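Here is the structure we will look at, set down as structure tokens.
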There are 2 protein chains.
Amino acid sequence: MSAALLNRLNPAVSSAIRLWSCRAPVIDHRSAALSHRRPPSVRFYSGVRESGAPLFRQLFESESSTYTYLLADTDTREAVLIDPVLETVDRDLKLINELGLKLIVAVNTHCHADHITGTGLLKKKVFGLKSCISKHSGAAADIQLSEGDRITFGKHCLTVRETPGHTDGCVTYVTGDQSMAFTGDALLIRGCGRTDFQQGCPKRLYESVHKKIFTLPGHCFIYPAHDYKGQTVSTVDEEKKFNPRLTKTLDEFVNIMNNLNLPNPKKIDISVPANLVCGLHDI
Amino acid sequence: MSAALLNRLNPAVSSAIRLWSCRAPVIDHRSAALSHRRPPSVRFYSGVRESGAPLFRQLFESESSTYTYLLADTDTREAVLIDPVLETVDRDLKLINELGLKLIVAVNTHCHADHITGTGLLKKKVFGLKSCISKHSGAAADIQLSEGDRITFGKHCLTVRETPGHTDGCVTYVTGDQSMAFTGDALLIRGCGRTDFQQGCPKRLYESVHKKIFTLPGHCFIYPAHDYKGQTVSTVDEEKKFNPRLTKTLDEFVNIMNNLNLPNPKKIDISVPANLVCGLHDI
């Protein structure tokens, strides 16, 4: 993030949203102190773990099959919303208010082509809320993110891993303990985002997934931006074994992606222009 | 469960599915040994907790907005499927196979009116699989359940709490550590099942929710049979505070439920007859 942008932040928010430019290693092994808690094989469940884990909610918008994710610190009540959708902003805000949370950041994994982000409407409704997106997205936002930046909420953080290929500005947000990765359209459950518009490049996507996501711990949960089959979560280990596209060779993957022949998303002509002024478009 | 039915079980399955007739207390406080792990306030997230927690997946069927839940023991690989849907049986079995699980039981929370259970088709595809439903449902199944019965898979179990009101045979399945409750249509997120057909009775439903679900620990996750707004999970504390119907007095609740004036579910005429022969109907 540039110094100019940092200076434009509300001081109260800039202290809450601490962004470091230090580059996180792509492979970040868990600490020895935690490792005895981790199972050796693939495991996945939702439940109570040791005190201090972030509050977490997965939410779904059915028209575009988009997942929105709410994370919060249960002590400071600071909250982050990942990939909010315009049509479900009121639902999300109602939940945030009921849970007594303070929404400080709305982040996008990329400039979406299939729906309009909720960021702009959220900024109108939540005083001091900051929008974030990759600096490579070409989209406007309060905070533009780069590889290794961290978004901190209370004692938790999300670290940015740049995962271009679906678009130039795709990123994956990884929790500090590497137990959850929000992969946007880079990696879907048994699938991946298309690469035939918005700077799409199958070779870049393949390398992003293999170098930046498949190097996370095998038990790390994969939370994608979409699912079209009613699946809610996967893991790194599962996708490394069962993803029908990403388990192929690079050449095979490129060939698959170049021959999908998909129709354009219905809302692409209104979504992309709106999302390019992320958080600032006139609704 | 009757002795006759127990005797009809495949011995390998009956040893895995251990059902006790002992009546669990409605209020079952967690052991002191575990309590230091539990947060005092409402928390919810999906993530890794201490080794030994069950594998868990939430799955969605979009036509009837039904949630199916997969739980399994990561050591023995024994798995239970709650409320499978006919149309998504192949998706569920593919996942079960990929994860190397052995599906031993398919349970229903009640005799559904809006979709056909996947139990029958699953029984045709999975050798030795047993179906379960409440004995008060009027539906056929391999195992008929009563208050306090437990379905065991590996070192985990689900305990039956009878929660009639939406139908006579509605039950809630509660994990052994009381961290998750699968409430069927008795309690939905900020809602509840209708009470205007299939033996529906608002007074019974109100008492079921207050006596059998709201007496669980406040942090216990509520996983309903349906959601129509893209919500995936709630907690006991949240529903006690924010459920717009169940926070009312009994008289107010009865009045609300008697004046919903909802149309019948589209598939009621084919779903109920099929589900009354749960697991045995001819597809």
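Because the structure is a prediction, the values reported are computed rather than measured. Here is how names work: the chains are called A, B, and so on, in the same order as the sequence lines, proteins then strands, and each is numbered from 1.
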Quick one, A:Thr88 and B:Lys229 - any side-chain contact, counting heavy atoms below 4.5 Å?
no
To the nearest 0.5 Å, atom CZ of B:Phe60 lies from atom OG of A:Ser62 at 7.5 Å
Interatomic distance, CG@A:Leu99 vs OG1@B:Thr235, rounded to 0.5 Å, equals 8.0 Å
Scored by heavy-atom pairs under 4.5 Å with chain A, the best of B:Glu98, B:Glu61, B:Gln231 is B:Glu98
CG of A:Asn97 to CZ of B:Phe242, rounded to nearest 0.5 Å, is 9.5 Å
* Flag, side chain of A:Thr232 to backbone of B:Gln58, donor-acceptor distance under 3.5 Å -> yes
Any side-chain heavy atom of B:Leu95 sitting closer than 4.5 Å to one from A:Arg190?
yes
Inset, instruction - Would you mind checking if A:Glu238 and B:Lys94 are paired as a salt bridge, meaning a charged N to carboxylate O distance below 4.0 Å? - result: no
